[in-house]
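Beneath this line is the structure, given in structure tokens, with notes to follow.
These numbers were taken from a predicted model, which means no experiment stands behind them.
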Amino acid sequence: MDRALTSLGDRFTAAALEEGSWLVALRALAEATGSAHGQLIGLGGPEAVAFNWATDFPQKAFSHFVEIDGGNPAINPRVAAAAAAAPLQTIGHDAFATAMANDAYAEYSEMWDIPFGCQSTLIARPGLMIGLAMLRSKSDGRVRADQWELFSRAVHPVHAAARLRIALEGQGAALLANSL
């Protein structure tokens, strides 16, 4: 598992440095955890835009997410659970299953076959939340203990990669401002 974790960390670091792809790194994590989709979630300010990625998810699903106001914790129990959890803590289906009563999100989850999964908040500060998630289909089932462990351990290098990307983007803005 350590070799797999190192390889995943390297892929996420490469993505942060724009020497690789967030989607390739997320796909590797999804495959390693037996999940249908890997997702980086960015909610909030302009920094969040760079972190909106999901593997093998149709564009219509993203549009539908916006239509239902899916980033709103009052609509999306996964967002609400992430906001309540400690940073870098892995939470799963049990943390948000009872809150799936919101019709709009329950229908969304059913339509796009993502009833199960696990997630972690990588960065949370006023106006910004960046998270990592594995979205699992009915056929994937609930997250097994070994998959949970790998995901939980992968959270740390992905967190470092997200911080690196934000720092590099901030440096780019500072360089641009200084050049003007």
Side-chain angles (χ1 to χ4, degrees), residues 1-2 4-13 15-16 22 25-30 32-55 57 65 68-102 105-106 108-109 114-136 140-170:
M1 186 181 297
D2 288 332
L5 187 62
T6 299
S7 175
L8 288 168
D10 289 347
R11 287 175 191 238
F12 279 99
T13 299
W22 291 109
L26 286 166
R27 189 167 290 111
L29 183 56
T33 60
S35 302
H37 312 284
Q39 181 182 30
L40 267 176
I41 307 141
L43 301 172
E47 292 173 310
V49 173
F51 296 98
N52 284 317
W53 299 100
T55 61
F57 222 55
F65 186 82
I68 67 164
D69 193 19
N72 182 340
I75 302 293
N76 186 336
R78 293 175 188 205
V79 172
L88 306 180
Q89 175 187 1
T90 299
I91 58 174
H93 181 75
D94 294 340
F96 49 79
T98 56
M100 289 290 248
N102 180 288
Y105 192 79
Y108 177 85
S109 179
I114 53 168
F116 305 114
C118 59
Q119 64 192 46
S120 180
T121 299
L122 303 174
I123 297 171
R125 58 182 188 228
L128 177 68
M129 192 281 289
I130 297 171
L132 177 68
M134 294 294 101
L135 302 174
R136 296 174 63 86
D140 295 335
R142 291 178 182 263
V143 180
R144 295 188 325 251
D146 61 318
Q147 296 164 331
W148 183 278
E149 181 183 348
L150 178 59
F151 178 86
S152 295
R153 292 180 66 203
V155 163
H156 299 282
V158 179
H159 170 248
R163 290 184 57 204
L164 176 61
R165 182 73 243 150
I166 289 171
L168 290 171
E169 287 179 4

Original post:
Which is it for Leu40 and Asn52 under the side chain to side chain contact (heavy atoms under 4.5 Å, CB included) test, yes or no, and what are the steps along the way?
Top reply: CA-CA 6 Å; Leu40 267 176; Asn52 284 317; over 6 Å; no

Do the side chain of [X] and the main chain of [Y] share a donor and acceptor less than 3.5 angstrom apart?
{"X": "Arg165", "Y": "Ala16", "value": "yes"}
{"X": "Thr13", "Y": "Ala161", "value": "no"}
{"X": "Arg142", "Y": "Gly92", "value": "no"}
{"X": "Gln39", "Y": "Leu135", "value": "no"}
{"X": "Glu149", "Y": "Asp146", "value": "no"}

Original post:
Does a donor on one side chain and an acceptor on the other come within less than 3.5 Å for Arg27 and Thr55?
Top reply: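 On atom types as modelled, these side chains do not qualify, holding no pair under 3.5 Å.
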
What's the shortest heavy-atom distance between [X] and [Y], and which atoms?
{"X": "Ser35", "Y": "Thr33", "result": "OG-OG1, 3.0 Å"}
{"X": "Gln119", "Y": "Ala133", "result": "CB-CB, 3.9 Å"}
{"X": "Gly38", "Y": "Ala30", "result": "N-CB, 3.7 Å"}
{"X": "Ile91", "Y": "Ala85", "result": "CG2-CB, 3.9 Å"}
{"X": "Leu26", "Y": "Leu132", "result": "CD2-CD1, 3.7 Å"}
{"X": "Asp140", "Y": "Ala36", "result": "OD2-N, 2.7 Å"}

Does any part of the side chain of [Y], heavy atoms only, come nearer than 4.5 Å to the side chain of [X], both counted from C-beta?
{"X": "Met134", "Y": "Val143", "answer": "no"}
{"X": "Leu122", "Y": "Val155", "answer": "yes"}
{"X": "Ile114", "Y": "Tyr108", "answer": "yes"}
{"X": "Gln147", "Y": "Arg144", "answer": "yes"}
{"X": "Met129", "Y": "Ile41", "answer": "yes"}
{"X": "Ser120", "Y": "His159", "answer": "no"}
{"X": "Trp148", "Y": "Thr90", "answer": "yes"}

**OP:** With rounding to the nearest 0.5 Å, note down the distance linking OG in Ser109 to CZ in Arg78.
**Re:**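 One finds 5.0 Å between OG of Ser109 and CZ of Arg78.
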
Original post:
Should the ring pair Trp22 and Phe12 be called parallel, tilted or perpendicular, given that the plane angle runs from 0 to 90° and is split at 30 and 60?
Top reply: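 Answer is tilted, since the angle falls between 30° and 60°.
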
Original post:
Hey, mind stepping through Phe65 and Asn76 against side chain to side chain contact (heavy atoms under 4.5 Å, CB included) and telling me if it holds?
Top reply: CA-CA 10 Å; Phe65 186 82; Asn76 186 336; 3.5 Å; yes

Original post:
Under the salt bridge (Lys or Arg N to Asp or Glu O under 4.0 Å) test, which residues partner Arg163, sequence neighbours left out?
Top reply: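 So Arg163 forms no salt bridge (Lys or Arg N to Asp or Glu O under 4.0 Å) with any residue.
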
**OP:** For side chain to side chain contact (heavy atoms under 4.5 Å, CB included), just list the numbers for Ile68 and Tyr105, CA-CA rounded to whole Å, side-chain angles, deciding distance to a tenth of an Å, and then say yes or no.
**Re:** CA-CA 7 Å; Ile68 67 164; Tyr105 192 79; 4.1 Å; yes

Original post:
Where do Asn72 and Val79 land on the side chain to side chain contact (heavy atoms under 4.5 Å, CB included) test, with the steps shown first?
Top reply: CA-CA 7 Å; Asn72 182 340; Val79 172; over 6 Å; no

